[in-house]
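Shown next, in structure tokens, is the structure this report addresses.
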Amino acid sequence: MAEDLTITTSADKAEQYISLIPQIEALLFGEPDLVANLANVAAALKEQFKWFWVGFYLVKSNELVLGPFQGPVACTRIGLGKGVCGAAWQQGQTLVVPDVEEFPGHIACSSLSRSEIVLPLFHDGEVVGVLDVDSSELAEFNEVDAKYLGEIVKLIKF
Ligand code: SME
């Protein structure tokens with residue numbers, strides 16, 4: 001497919017996701033390489049939404065290890081239950097954090113990050129990684145993001 005993304009200028013977040021999801025499907029179609037696919041998903045989300053940081057951590061030897069991302073440099077390794085990412089991994093659940101300063105144990109890779117959403121990635125019923133998105137705005141993420149980002153992570157095959 002063409003590598004150019006069509007960016008929606010709609011102010012409605014659901015509309016932005018609805019425009020983006022088929023493009024992500026097309027980017028992933030027929031490509032078996034995990035790193036390539038994670039890299040393009042992170043880039044597509046960053047390009048559409050301009051969030052501060054979008055990226056993946058992958059479970060390796062019982063730690064989350066930094067994977068493909070878009071944004072400033074970030075913490076490399078996160079333990080089980082540590083920070084928002086480690087908690088989402090441990091609980092196997094999407095976590096929406098409207099104000100990172102209110103989340104006990106939040107790992108501040110950057111002081112500019114104010115709110116965050118983390119979704120676990122599953123393979124054969126196990127959490128194999130997380131998608132982490134950080135915003136420089138408070139309360140950026142809600143159930144709309146949880147729903148559509150949930151659809152996006154299901155498109156990634158491990
Ligand atoms: N804030 C995350 C750590 C990862 S960085 O934000 C990229 C956390 O608390 O898990």
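Atoms within each ligand, like the ligands themselves, are counted from 1 in listed order. Sequential numbering from 1 along the given sequence is applied to the chain's residues.
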- Option nearest atom 2 (C) of ligand 1 (shortest heavy-atom distance, choices Glu116, His106, Lys82): Glu116
- Query: Is atom CD of Gln90 surrounded by more than 12 heavy atoms (other residues, nucleotides or ligands) closer than 6.0 Å?
  - Reply: yes
- Item | Interfacing atoms of ligand 1 (cut-off 4.0 Å, heavy-atom, Gly83) | 9 (O), 10 (O)
- Under 3.5 Å, N or O to N or O, is Ala108 touching ligand 1 that way? no
- Query: Of the backbone atoms (N, CA, C, O) and the side-chain heavy atoms from C-beta on, which set of Asp134 has a member under 4.0 Å from an atom of ligand 1: side chain, backbone, both, or neither?
  - Reply: side chain
- Query: Where's the contact between Asp132 and ligand 1, heavy-atom distance under 4.0 Å: side chain, backbone, both or neither?
  - Reply: side chain
- Tightest non-hydrogen contact, residues Ile7 and Gln48, listed as CA-OE1, 3.6 Å
- Task: Please answer whether the main-chain N or O of Glu31 pairs with a side-chain N or O of Asn37 as donor and acceptor at a distance below 3.5 Å.
- Result: yes
- Reported CZ-to-OG distance for the pair Phe49 and Ser135, which is rounded to 0.5 angstrom: 12.0 Å
- Item | Protein heavy atom at shortest distance from atom 3 (C) of ligand 1 | Ile107 O, 3.6 Å
- Is any NZ, NE, NH1 or NH2 atom of the basic residue among Lys147 and Glu143 found under 4.0 Å from an Asp or Glu carboxylate oxygen of the other? no
- Trp53 heavy atoms, cut-off 4.0 Å: which ligand 1 atoms fall inside? 7 (C)
- Item | Ser115 and its side-chain contact (heavy atoms from CB on, under 4.5 Å) partner, picked from Phe103, Phe52, Phe141 | Phe141
- Among protein heavy atoms, which lies nearest atom 5 (S) of ligand 1, and at what distance? Cys109 SG, 3.0 Å
- Query: Is Cys85 close to ligand 1, meaning an N/O of one under 3.5 Å from an N/O of the other?
  - Reply: yes
- Query: Applying a 4.0 Å heavy-atom criterion (strictly less than), which segment of Phe103 is in contact with ligand 1: side chain, backbone, both, or neither?
  - Reply: neither
- Query: Side chains of Ile156 and Leu38: does their closest heavy-atom pair fall under 4.5 Å?
  - Reply: yes
- Under 4.0 angstrom from ligand 1, any heavy atom of Phe69? no
- Query: Does Lys13 reach the main-chain N or O of Ser10 with its side chain, forming a donor-acceptor pair under 3.5 Å?
  - Reply: no
- Item | Protein contact of atom 8 (C) of ligand 1 - nearest heavy atom, named by residue and atom, plus distance | Val84 N, 3.3 Å
